[in-house]
Undergrad: 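Mind looking over this structure? Questions follow.
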Amino acid sequence: MTTERVALVTGGSRGIGRAICTQLAKQGIGLAINYAGNDQLAQETADACQALGVQTLLLKGDVSNAKVCEEMVQQVLDTFGRLDILVNNAGITRDNLALRMSDEEFQQVLDTNLKGAFYCCRAAYRPMMKQRGGRIINVSSIVGLRGNAGQANYAASKAGLIGMSKSLAKELAARNVTVNVVAPGFIQTDMTDVLADKVREALLGSIPMKRLGQPEDVAKAVAFLASEDAAYITGQVLCIDGGMAM
Ligand code: NAP
C-alpha cells in the first residue's frame, strides 16, 4: 500500500480525534493514531481508516511524556518514511473552582493539553523542516479565548496553545510548514456527555445555531487546514462553535 501523505493524530481513539482520523483517511492520508489507554476504541478507529483504504499505525502513549512523543514521531518516520500532518488533539478536563483546584488538577491539564502538544510539535519540527513542508493543527477551545468558570486550568492550557501555535507559525513559515488552531465550541463527545442537564441547557441557550456541534464539524475544518487549499493560511484560530464565541 503506498501512502502519499501521512498524519499523526493524538487522542485518536474516540470523539473529535476519531472523526479527524476518518476524515483524513477519506482523503487517502495514512494515519498514525495515538491514544492514552483505550485499546479497543483505538482499534475501531484504525479499522474505520483501513476500511477507507489507508495504512494505519496505532501508537499507545501518554503525550505528557516528552520521550513518548519523540519516540512516536520516530515510529511514524520509520513506518511511513514521512510525516506531513500533525494534529494535537489529545486533551483532558479536571474542572473545579479555582478556590478548590488542587495543584495536581492544574498540573495534569497543563501537562496533557499544552506540554503534550509542545512535545509533539518539537519532535515533528525537524522532519517537517527537512521535508520543506508540513501542517500542524492544534485543537484548542473557545474556552481558551473566553475563559470559563471552573476551568482555569483548561482555559490556561487552551489559551497557551494559541500563543504557542502563533510562535511556531512564525518560526516555521519560511519552511512552508503552517501552524493553525481550531477552537471548537460545545461538541458532542464523551467530554461533554458528563455535563449535567442544567449546564447543557444553559450552554445550548448560548449557541446561536441552537445545536451542539458534532465531531465531524471539527474534523472537516481540520482537514481543510491540512489540505493544499490552505497552503497560505498560518497562525490562525478558526472557531467551530455555531457562532458561540462571536
Ligand atoms: P474525548 O472524547 O474525551 O477524547 C479524548 C482523547 O484524548 C482520547 O482519544 C484519549 O485517549 C486521548 N487522551 C487523553 N489523555 C491523553 C494523553 N495523556 N495522551 C494521549 N492521549 C490522551 O475528548 P474530545 O471531546 O474528543 O476532545 C478532543 C479535543 O478537543 C480535546 O483537546 C478537547 O479539549 C478539545 N475540545 C473539545 C470540545 C468538546 O466540546 N468536546 C470543545 C472544545 C475543545 P483514550 O481514549 O485512550 O483515553
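In each ligand, atom 1 is the first atom listed, and ligand 1 is the first ligand listed.
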Undergrad: Please identify which of these residues, Leu77, Asp84, Asn88, Leu59, meets the side-chain contact (heavy atoms from CB on, under 4.5 Å) condition with Leu8.
TA: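 Testing each of Leu77, Asp84, Asn88, Leu59 against Leu8, the sole residue satisfying side-chain contact (heavy atoms from CB on, under 4.5 Å) is Leu59.
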Undergrad: Regarding Ser165 and Asn138, do their side chains bring together a donor and an acceptor under 3.5 Å, going by distance alone?
TA: yes
Undergrad: Are Met101 and Val109 linked, directly or through intermediate hydrophobic residues, by side-chain heavy-atom contacts shorter than 4.5 Å (ILVMFWY only)?
TA: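 No, Val109 and Met101 fall in different hydrophobic clusters.
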Undergrad: What about Asn38: any of its N or O atoms under 3.5 Å from an N or O on ligand 1?
TA: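 Checking ligand 1 against Asn38, an N or O pair does fall under 3.5 Å apart.
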Undergrad: Closer than 4.0 Å to some heavy atom of Phe186 - which atoms of ligand 1 meet that?
TA: 40 (O)
Undergrad: Just by distance, do the side chain of Arg132 and the backbone of Asn176 share a donor-acceptor pair under 3.5 Å?
TA: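 No, the answer is negative, given that no donor and acceptor are paired below the 3.5 Å cut-off.
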Undergrad: So, is Asn89 polar-close to ligand 1, with some N/O to N/O distance under 3.5 Å?
TA: yes
Undergrad: Which residue holds the protein heavy atom closest to atom 42 (C) of ligand 1, what is that atom called, and what is the gap in Å?
TA: Gly185 O, 3.0 Å
Undergrad: Check if Gly213 has a non-hydrogen atom at a distance under 4.0 Å from any atom of ligand 1.
TA: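 No.
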Undergrad: Ligand 1 and Ala36, any nitrogen or oxygen pair closer than 3.5 angstrom?
TA: yes
Undergrad: Atom NZ of residue position Lys210 - does it have more than 12 heavy atoms of other residues, nucleotides or ligands inside 6.0 Å?
TA: yes
Undergrad: Only heavy atoms of Ile187, strictly under 4.0 Å: list the atoms of ligand 1 that pass.
TA: 39 (C), 40 (O), 41 (N)
Undergrad: I need the atoms of ligand 1 closer than 4.0 Å to a non-hydrogen atom of Asn34, numbered in the order shown.
TA: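 In order of numbering, the contacting atoms are 20 (C), 21 (N).
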Undergrad: Are any of the N/O atoms on Thr192, whether in the backbone or the side chain, positioned under 3.5 angstrom from an N/O atom of ligand 1?
TA: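 No, no N or O pair falls under 3.5 Å.
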Undergrad: May I ask you to check if ligand 1 and Gly11 share an N or O to N or O distance below 3.5 Å?
TA: yes
Undergrad: Using a 4.0 Å cutoff against the non-hydrogen atoms of Ser141, which atoms of ligand 1 qualify?
TA: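 The list of qualifying atoms is 43 (C), 44 (C).
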Undergrad: Any idea which atoms of ligand 1 are less than 4.0 Å away from a heavy-atom of Val139?
TA: 29 (C), 30 (O), 35 (C)
Undergrad: Going by the order shown, which atoms of ligand 1 are within less than 4.0 Å of some heavy atom of Ile92?
TA: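 Under 4.0 Å from Ile92, ligand 1 has these atoms: 14 (C), 15 (N).
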Undergrad: Among all the protein's non-hydrogen atoms, which is closest to atom 18 (N) of ligand 1, and how far away is it?
TA: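 Checked against all protein heavy atoms, atom 18 (N) of ligand 1 sits closest to Asp62 OD1, 2.8 Å.
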Undergrad: Can you find a non-hydrogen atom of Gly61 under 4.0 Å from ligand 1?
TA: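 Contact check Gly61 vs ligand 1: positive.
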Undergrad: At a non-hydrogen distance cut-off of under 4.0 Å, which region of Thr112 contacts ligand 1 (side chain, backbone, both, or neither)?
TA: side chain
Undergrad: Would you check whether Lys158 has a nitrogen or oxygen atom less than 3.5 angstrom from a nitrogen or oxygen atom of ligand 1?
TA: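 Between Lys158 and ligand 1 (N or O atoms, distance only) the closest approach is under 3.5 Å.
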Undergrad: Could you list the atoms of ligand 1 found under 4.0 angstrom from a heavy atom of Gly37?
TA: 45 (P), 47 (O)
Undergrad: Please check if atom NZ in Lys166 has more than 12 non-hydrogen atoms from other residues, nucleotides or ligands closer than 6.0 Å.
TA: no
Undergrad: If the test is side-chain contact (heavy atoms from CB on, under 4.5 Å), which one of Val6, Leu31, Thr79 qualifies with Gln55?
TA: Thr79
Undergrad: For atom 24 (P) of ligand 1, what is the closest protein heavy atom, and at what distance to 0.1 Å?
TA: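 Protein heavy atom at minimum distance: Thr189 OG1, 3.6 Å.
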Undergrad: Quick one: do Asp241 and Arg146 make a salt bridge, cutoff under 4.0 Å?
TA: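 Salt bridge flag = no for Arg146 with Asp241.
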Undergrad: Under 4.0 Å between a side-chain nitrogen and a carboxylate oxygen: does that hold for Glu104 and Arg94?
TA: no
Undergrad: With a 4.0 Å cut-off on heavy atoms, is Ser140 in contact with ligand 1?
TA: yes
Undergrad: Quick one: nearest non-hydrogen protein atom to atom 23 (O) of ligand 1, plus distance?
TA: Met191 CE, 3.8 Å
Undergrad: Is a side-chain donor-acceptor pair under 3.5 Å present for Asp103 with Gln107?
TA: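 Per modelled atom types, Gln107 and Asp103 side chains form no pair under 3.5 Å.
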Undergrad: If you take the nearest heavy atom of each of Gln108, Arg14, Met72, which one is closest to atom 4 (O) of ligand 1?
TA: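 Answer by nearest heavy atom: Arg14.
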Undergrad: Using the rule side-chain contact (heavy atoms from CB on, under 4.5 Å), only one of Thr234, Ile233, Val181 pairs with Leu225; which is it?
TA: Ile233
Undergrad: Please say whether Ser13 places an N or O atom under 3.5 Å from an N or O atom belonging to ligand 1.
TA: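 It does: an N or O of Ser13 is found under 3.5 Å from an N or O of ligand 1.
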Undergrad: Among all protein non-hydrogen atoms, which one is nearest to atom 19 (N) of ligand 1, and what is the separation to 0.1 Å?
TA: Val63 N, 3.0 Å
Undergrad: Any non-hydrogen side-chain atom of Leu168 less than 4.5 Å from a side-chain atom of Tyr125?
TA: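 Yes, at least one pair of side-chain atoms sits under 4.5 Å.
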Undergrad: Donor-acceptor pair, distance only, cut-off 3.5 Å: does the side chain of Arg175 make one with the backbone of Gly134?
TA: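 Side chain of Arg175 to backbone of Gly134, a donor-acceptor pair under 3.5 Å: no, none is there.
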Undergrad: Among the clusters formed by ILVMFWY side chains lying less than 4.5 Å apart, do Leu83 and Leu57 turn up in the same one?
TA: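 Yes; tracing contacts between hydrophobic side chains, which count when under 4.5 Å, links both residues.
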Undergrad: Please answer whether the main-chain N or O of Thr10 pairs with a side-chain N or O of Asn89 as donor and acceptor at a distance below 3.5 Å.
TA: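 Side chain of Asn89 to backbone of Thr10, a donor-acceptor pair under 3.5 Å: yes, one is there.
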Undergrad: Which heavy atom of the protein is the closest neighbour of atom 26 (O) of ligand 1, given with residue, atom name and distance?
TA: Ile16 N, 2.8 Å
Undergrad: Atom 5 (C) of ligand 1: which protein heavy atom is closest, and how many Å away?
TA: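 Answer for atom 5 (C) of ligand 1: Gly91 O, 3.9 Å.
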Undergrad: Please answer whether the main-chain N or O of Leu24 pairs with a side-chain N or O of Arg5 as donor and acceptor at a distance below 3.5 Å.
TA: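 The answer is no, because no donor-acceptor pair under 3.5 Å joins these two groups.
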Undergrad: Find all atoms of ligand 1 within a distance of less than 4.0 Å from any non-hydrogen atom belonging to Tyr154, and give their numbers and elements.
TA: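 Near Tyr154, meaning under 4.0 Å from one of its heavy atoms, ligand 1 has 33 (C), 34 (O), 35 (C), 36 (N), 43 (C), 44 (C).
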